[in-house]
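What you see below is based on every heavy atom in this structure, not just the backbone, and it leaves out hydrogens, waters and symmetry mates.
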Amino acid sequence: MEVDPQAPPSESAPHTGTSLINTDAAPIPPTSAPVPTTSGPAEPSSSTGVKRPHDRPEPSAPLLPMEEVLRRRLTVIQEGDNVLLRLPSDSIKAVVASKQGLVQLGKFGSFPSSQLLGLHYDITYEISPSETSGGGEGSSPAPGTTAGGGGEETFQQSERGFGQAKGKKRKKNAGKGKDVSAEAGGEGKVNPGWQNLLRPLRRQPLVDAVIDDITETNEFIDDSEEAKQSLLSQEEITELRAQGISAEEIIQRQIERHERFGLKTDFSKEKWRKRKEKKYLQTVHPLAPSSENMVNHYALRNPQAILHLRADTLSQLLVLANIRPHGRYLVVDDTGGLVTASILDRMGCEGRVLTFTEADSPPAWGVLSAMNFGERELGCVKWLNWMEADEDYERPPPPPEDNMPSIAASKTLARQRRHNLQVADLNNTRAELHTGNWDGLILATELNPLSVIARLSPHLAGSGIIVAYSPYVQVLAEVLQYTKKDPNYLNANITESWTRTYQVLPGRTHPLMTTSGTGGYLFHATRVFPSAFQRESNQRIAERRQRKKNRTRGKEGEKPSGARVAAEDSASSGIEDALDEDV
């Protein structure tokens with residue numbers, strides 16, 4: 001019996017309020033040998049309906065501590081992870097680490113995707129050919145795989161969107177017929193990239209010199225076209241690369257052909273060498289999926305997706321909101337899940353995060369899905385749409401199925417069970433919201449923050465923190481004006497952070513010439529419950545001031561004599577001054 005792998009299971013997951021993102025899932029490799037069967041009664045599978053024999057239950061491995069899970073997410077590349085590779089040209093290439101497929105980086109080389117598995121983040125690796133013909137474990141293609149097969153997998157990985165679940169683009173690109181065998185050198189010829197390995201790059205030492213001790217100048221350096229002709233041409237460099245000459249040796253040959261390289265200063269030599277390394281080196285630098293790396297990447301690649309949020313502003317947002325483990329926070333996030341992921345990182349995935357969305361589906365978290373969070377880490381995240389957040393909301397019943405044939409009775413019961421589970425979980429999430437005592441409200445949304453604060457702040461506990469981010473100051477200025485007049489908010493303020501990048505090198509520390517104009521603005525306030533009690537002394541002062549105004553205007557009976565009015569005014573003023581000092 002054949003089973004369609006795309007067919008939905010008989011019982012889908014209920015409405016849990018959690019983003020249904022499973023970045024830890026990996027494709028199951030096809031088995032060449034049939035699965036052995038045992039005698040005995042068969043039972044239907046709960047997911048596919050296929051009957052299978054009774055198997056001996058395997059003991060489940062103990063779960064790792066959450067701290068260890070989070071540490072591995074930021075240190076070691078695992079199968080199925082989304083990886084950002086920084087190339088020598090400072091451009092970013094997004095790939096998916098898997099046991100199959102070839103990662104092609106153009107002039108910066110290619111290597112099997114399996115070489116990424118088990119490597120550590122934030123280390124620069126050099127793409128180098130293997131010493132043996134086999135290329136080591138995991139470096140050669142699967143048996144029967146040619147350059148066309150490897151190129152097809154490479155095309156799928158290059159076309160797959162960053163952070164996208166596996167298999168979604170595979171069916172769409174299956175019939176495109178991209179001819180990659182010609183690029184590999186002909187039909188049936190194995191792509192040489194399968195034989196490459198990733199090894200840690202040995203860095204060149206930085207120039208540690210004192211400016212006053214340098215006697216060379218760049219006065220006699222000739223940068224004309226005639227002088228550049230003595231260097232290696234592009235055809236010669238291509239021929240050297242085809243012979244397997246390393247990038248370091250190519251750079252040394254360029255230095256030997258440079259007639260006046262010795263006339264350069266030490267700093268000029270280092271800059272020249274860095275330019276050549278960016279041009280000839282074949283290296284990759286996997287970036288850890290941390291909040292800082294993600295906000296910096298999207299700030300350069302697509303700042304609109306994160307509302308022009310900057311790393312220093314994000315750090316200020318987390319500090320002002322007092323994010324801590326075991327906290328409970330209401331979040332309205334329109335930055336692709338970046339703010340939510342940063343809160344989870346700071347909480348250690350311990351506590352509760354309740355997010356709100358405009359659609360009747362889990363939030364579209366493109367950034368969070370690229371940060372390799374698993375279902376276990378996202379277990380503390382719930383979601384509601386704005387209609388479900390109303391206290392009087394009731395989910396409508398499913399449509400009636402009275403006229404359905406009897407053969408579909410089991411499916412009808414399954415749908416009814418799923419509906420009941422979803423309603424029960426939705427009611428639990430709504431009850432948790434309306435119970436109140438939330439520790440904070442964090443906003444990074446295109447919606448009007450004033451209406452969102454007015455709707456969600458009643459669910460906050462006393463001394464709950466409200467933080468709202470917006471790239472426009474006028475939006476938050478209206479919120480500040482509203483909260484200044486409302487006694488339910490205390491210490492309302494708007495801040496803007498400013499940052500500038502510095503180059504830190506021996507003898508050459510200075511700020512960069514360009515910087516970001518703005519990283520947005522933050523509004524923050526404290527939710528308080530004003531007391532209805534009023535001191536008696538304040539009441540007496542208010543009454544005396546009102547009588548004084550009435551006497552002045554002549555609205556209370558007969559106007560007394562001047563001496564009497566002066567005496568009463570003097571006595572009242574003395575009492576009021578004394579009471580003011582007590583207050």
- prompt: Are more than 12 heavy atoms from other residues, nucleotides or ligands located less than 6.0 Å from atom CD of Glu68?
  reply: yes
OH-CD1 distance between Tyr489 and Ile453, expressed to the nearest 0.5 angstrom: 6.5 Å
- line: Value for CD1 (Ile466) from CG (Leu320), rounded to nearest 0.5 Å, stands at 13.0 Å
query: Say you draw a straight line from CG of Leu116 to OH of Tyr121; how long is it, rounded to the nearest 0.5 Å?
result: 9.0 Å
statement: Val452 and Leu443 have their tightest heavy-atom pair at CG1-CD2, 3.5 Å
message: Just checking Phe529: does its CZ atom have more than 12 heavy atoms from other residues, nucleotides or ligands closer to it than 6.0 angstrom?
response: yes
- prompt: Taking the side chain as C-beta and beyond, is there a heavy-atom pair between Met294 and Pro289 under 4.5 Å?
  reply: yes
- prompt: What's the verdict on side chain to side chain contact (heavy atoms under 4.5 Å, CB included) for Leu300 and Ile92, showing C-alpha distance, side-chain angles and the deciding distance?
  reply: CA-CA 10 Å; Leu300 296 175; Ile92 300 296; over 6 Å; no
Within-4.5 Å side-chain heavy-atom neighbours: Arg324 and Tyr329: yes
- request: Say whether, by atom type as modelled, one donor and one acceptor occur between the side chain of Asn427 and the main chain of Val423 under 3.5 angstrom.
  value: yes
message: Ignoring hydrogens, what is the shortest heavy-atom contact between Val479 and Pro449? Give both atom names and the distance.
response: CG2-CG, 3.8 Å
query: Less than 4.5 Å apart, any side-chain heavy atom of Gln78 and any of Asn372?
result: no
task: Rounded to the nearest 0.5 Å, what's the gap from CG on Leu338 to CH2 on Trp365? Could you check?
output: 12.0 Å
field: Heavy-atom side-chain proximity of Phe373 to Val381 below 4.5 angstrom
entry: no
message: Is it the case that atom CD in Glu350 sees more than 12 heavy atoms from other parts of the structure closer than 6.0 Å?
response: yes
- prompt: Which heavy atom of Ile306 sits nearest a heavy atom of Ala299, and at what distance?
  reply: CD1-N, 3.8 Å
message: When you measure from the side chain of Asp334 to the backbone of Glu446, do you find a donor-acceptor pair of N or O atoms at a distance under 3.5 Å?
response: yes
- prompt: Is there a donor-acceptor pair closer than 3.5 Å between any side-chain N or O of Asn428 and the backbone N or O of Ala424?
  reply: yes
message: Which residue in the set Lys382, Arg352, His459 passes side chain to side chain donor-acceptor pair (under 3.5 Å) when paired with Glu432?
response: Arg352
- prompt: Looking at side-chain heavy atoms only, is the closest gap between Val339 and Tyr469 below 4.5 Å?
  reply: no
- prompt: Is the shortest distance from a Lys or Arg side-chain nitrogen in Arg527 or Asp486 to a carboxylate oxygen in the other one below 4.0 Å?
  reply: no
field: Arg395 and Asp360 ion-paired at < 4.0 Å
entry: no
Spacing of Ser91 atom OG and Leu85 atom CG [to the nearest 0.5 Å]: 10.0 Å
message: For a 4.5 angstrom cut-off between non-hydrogen side-chain atoms, does Val103 reach Val284?
response: no
message: With no hydrogens and no angle check, just 3.5 Å: does a side-chain donor-acceptor pair link Arg310 and Ser516?
response: yes
- prompt: How far does CG of Leu102 sit from OG of Ser114, to the nearest 0.5 angstrom?
  reply: 9.5 Å
- request: Test side chain to side chain contact (heavy atoms under 4.5 Å, CB included) on Tyr393 and Leu426 and set out the steps.
  value: CA-CA 11 Å; Tyr393 171 80; Leu426 174 62; 4.0 Å; yes
field: Nearest non-hydrogen partners of Val332 and Phe356, listed with the distance
entry: CG2-CD1, 4.1 Å
task: Of all the heavy-atom pairs spanning Ala370 and Asn82, show the shortest one and how long it is.
output: O-CB, 3.8 Å
field: Derivation of the side chain to side chain contact (heavy atoms under 4.5 Å, CB included) call for Met371 and Leu344
entry: CA-CA 11 Å; Met371 297 181 67; Leu344 291 177; over 6 Å; no
message: Please check this pair: side chain of Arg328 against backbone of Gly351, looking for a donor-acceptor N/O pair closer than 3.5 Å.
response: no
- prompt: For Asp345 and Arg73, what are the C-alpha separation, side-chain angles and deciding distance, and is it a salt bridge (charged side-chain N to carboxylate O under 4.0 Å, His left out)?
  reply: CA-CA 11 Å; Asp345 270 340; Arg73 184 182 68 86; 2.6 Å; yes
Check: Ser113 side chain, Ser98 main-chain N or O, donor-acceptor pair, under 3.5 Å: yes
- prompt: Is the backbone of Thr499 close enough, under 3.5 Å, to the side chain of Thr515 for a donor and an acceptor to pair up by distance?
  reply: yes
field: Test: Arg71 and Glu67 ion pair at under 4.0 Å
entry: no
message: For Arg346 versus Pro325, what's the shortest heavy-atom pair and its separation?
response: O-CD, 4.2 Å
Donor-acceptor under 3.5 Å (Asp81 side chain, Val83 main chain): no
task: Could you walk me through whether Arg455 and Trp386 pass side chain to side chain contact (heavy atoms under 4.5 Å, CB included), step by step?
output: CA-CA 10 Å; Arg455 182 170 182 178; Trp386 291 108; 3.8 Å; yes
- request: Using modelled atom types only, decide if a donor and an acceptor are shared between the side chain of Asn302 and the backbone of Tyr298 within a distance under 3.5 Å.
  value: no
message: How about CD on Glu394, more than 12 heavy atoms from neighbouring residues, nucleotides or ligands closer than 6.0 Å, or not?
response: no
Donor-acceptor pair between Thr124 and His285 side chains, under 3.5 angstrom: yes
- prompt: Can you tell me if Thr313 uses its side chain to pair, donor with acceptor, with the backbone of Gly519 under 3.5 Å?
  reply: yes
task: Would you indicate whether the side-chain heavy atoms of Leu84 and Asn293 approach each other to under 4.5 Å?
output: no
query: So, do Thr429 and Leu354 sit near enough that their side-chain heavy atoms are less than 4.5 Å apart?
result: yes
